[in-house]
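What you see is a predicted model, and the numbers here were worked out from it, not measured in a lab.
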Amino acid sequence: MVRTELLEQIYTIVAQIPPGRVTTYGRVAKMTEGATARMVGSAMRHLPDGHGLPWHRVIAADRKVADHGGAARQRDKLRAEGVLFDANGRVDATRLWP
């Protein structure tokens with residue numbers, strides 16, 4: 001599991017992603033003091049119930065929703081915020097934050 005101080009950094013960054021925008025696991029990792037993209041993914045997978053973080057705004061480096069059990073829900077949440085997907089399932093690069 002990810003160290004507590006890295007989790008706090010990851011959660012602080014994810015909390016700042018505005019509605020209608022996305023970022024990647026790797027971008028979040030680069031904003032921390034030592035997390036990796038996999039650690040960010042693990043942190044998103046293990047969020048406690050009722051957390052309130054916009055986990056759905058974190059996507060894979062290829063600008064697609066990662067293949068996981070909540071992928072359909074993640075796409076639905078993003079669409080509800082106005083995020084569109086191209087024919088290949090990619091989010092437009094203009095939606096990347098920061």
Side-chain angles (χ1 to χ4, degrees):
M1 190 63 182
V2 182
R3 294 187 330 256
T4 303
E5 60 271 11
L6 284 179
L7 278 176
E8 290 174 9
Q9 290 175 26
I10 291 166
Y11 295 159
T12 297
I13 293 162
V14 170
Q16 296 175 46
I17 307 168
R21 302 292 297 276
V22 297
T23 196
T24 67
Y25 299 104
R27 283 177 176 231
V28 172
K30 286 179 184 175
M31 291 184 237
T32 68
E33 296 174 2
T36 65
R38 284 183 187 254
M39 288 176 179
V40 174
S42 178
M44 295 299 96
R45 268 192 313 279
H46 294 100
L47 284 168
D49 290 336
H51 55 79
L53 283 176
W55 61 272
H56 60 284
R57 297 178 188 148
V58 184
I59 61 174
D62 62 0
R63 300 190 331 266
K64 291 182 178 182
V65 169
D67 187 23
H68 56 80
R73 185 169 155 232
Q74 183 174 10
R75 279 189 286 277
D76 289 346
K77 288 174 86 62
L78 289 170
R79 283 188 189 108
E81 293 183 353
V83 176
L84 302 176
F85 298 87
D86 68 15
N88 295 315
R90 286 192 176 89
V91 173
D92 189 280
T94 62
R95 293 291 186 153
L96 285 172
W97 175 90

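- Clustering ILVMFWY residues whenever any of their side-chain heavy atoms sit less than 4.5 angstrom apart, transitively, puts V22 in a cluster other than the one holding I17.
- Judged as a side chain to side chain donor-acceptor pair (under 3.5 Å), and not counting sequence neighbours, the contacts of H68 are Q74.
- Applying the salt bridge (charged side-chain N to carboxylate O under 4.0 Å, His left out) test to every pair with at least one member in residues 66-75, sequence neighbours left out, gives no pairs at all.
- The minimum heavy-atom distance between A29 and A35, with the atom names listed, is CB-O, 3.4 Å.
- Smallest separation of non-hydrogen atoms from A71 and A66: CB-O, 3.6 Å.
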Donor-acceptor pairs are to be reported for all side-chain atoms of residues 91-98 against protein atoms at under 3.5 Å, with residues two or more places apart or in another chain.
residue, atom, partner, partner atom, Å
D92, OD1, T94, N, 2.8
D92, OD1, T94, OG1, 2.5
R95, NH1, G20, O, 2.7
R95, NH2, G82, O, 2.9

Item to complete: List the steps and the verdict of side-chain contact (heavy atoms from CB on, under 4.5 Å) for Y11 and Q16.
Response: CA-CA 9 Å; Y11 295 159; Q16 296 175 46; over 6 Å; no
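- Atom CG of L53 sits about 6.0 Å away from atom CE of M44, to the nearest 0.5 Å.
- There is no path of hydrophobic side-chain contacts, each under 4.5 Å, that joins L78 to V14.
- Listed by first then second residue, pairs satisfying salt bridge (charged side-chain N to carboxylate O under 4.0 Å, His left out) with a partner in residues 4-30 read R3-E5, not counting sequence neighbours.
- Residues passing the side chain to side chain contact (heavy atoms under 4.5 Å, CB included) test with K64, sequence neighbours excluded: D62, R90.
- At a threshold of 4.5 Å between side-chain heavy atoms, the hydrophobic network of Ile, Leu, Val, Met, Phe, Trp and Tyr places W55 and V83 in two separate groups.
- Annotation: side chain of I13 is not in contact with side chain of V40 (no heavy-atom distance under 4.5 Å).
- Annotation: side chain to side chain contact (heavy atoms under 4.5 Å, CB included) contacts of Q9 (sequence neighbours excluded): L6, T32, E33.
- Residue Y25 is tested with I59, V58, I10 for a side chain to side chain contact (heavy atoms under 4.5 Å, CB included); the sole match is V58.
- Judged as a salt bridge (charged side-chain N to carboxylate O under 4.0 Å, His left out), the pairs with a partner in residues 37-57 (not counting sequence neighbours) are, in order, R57-E81.
- Heavy atoms only, all atoms of each residue included: P54 and A15 are closest at CD-CA, 4.1 Å.
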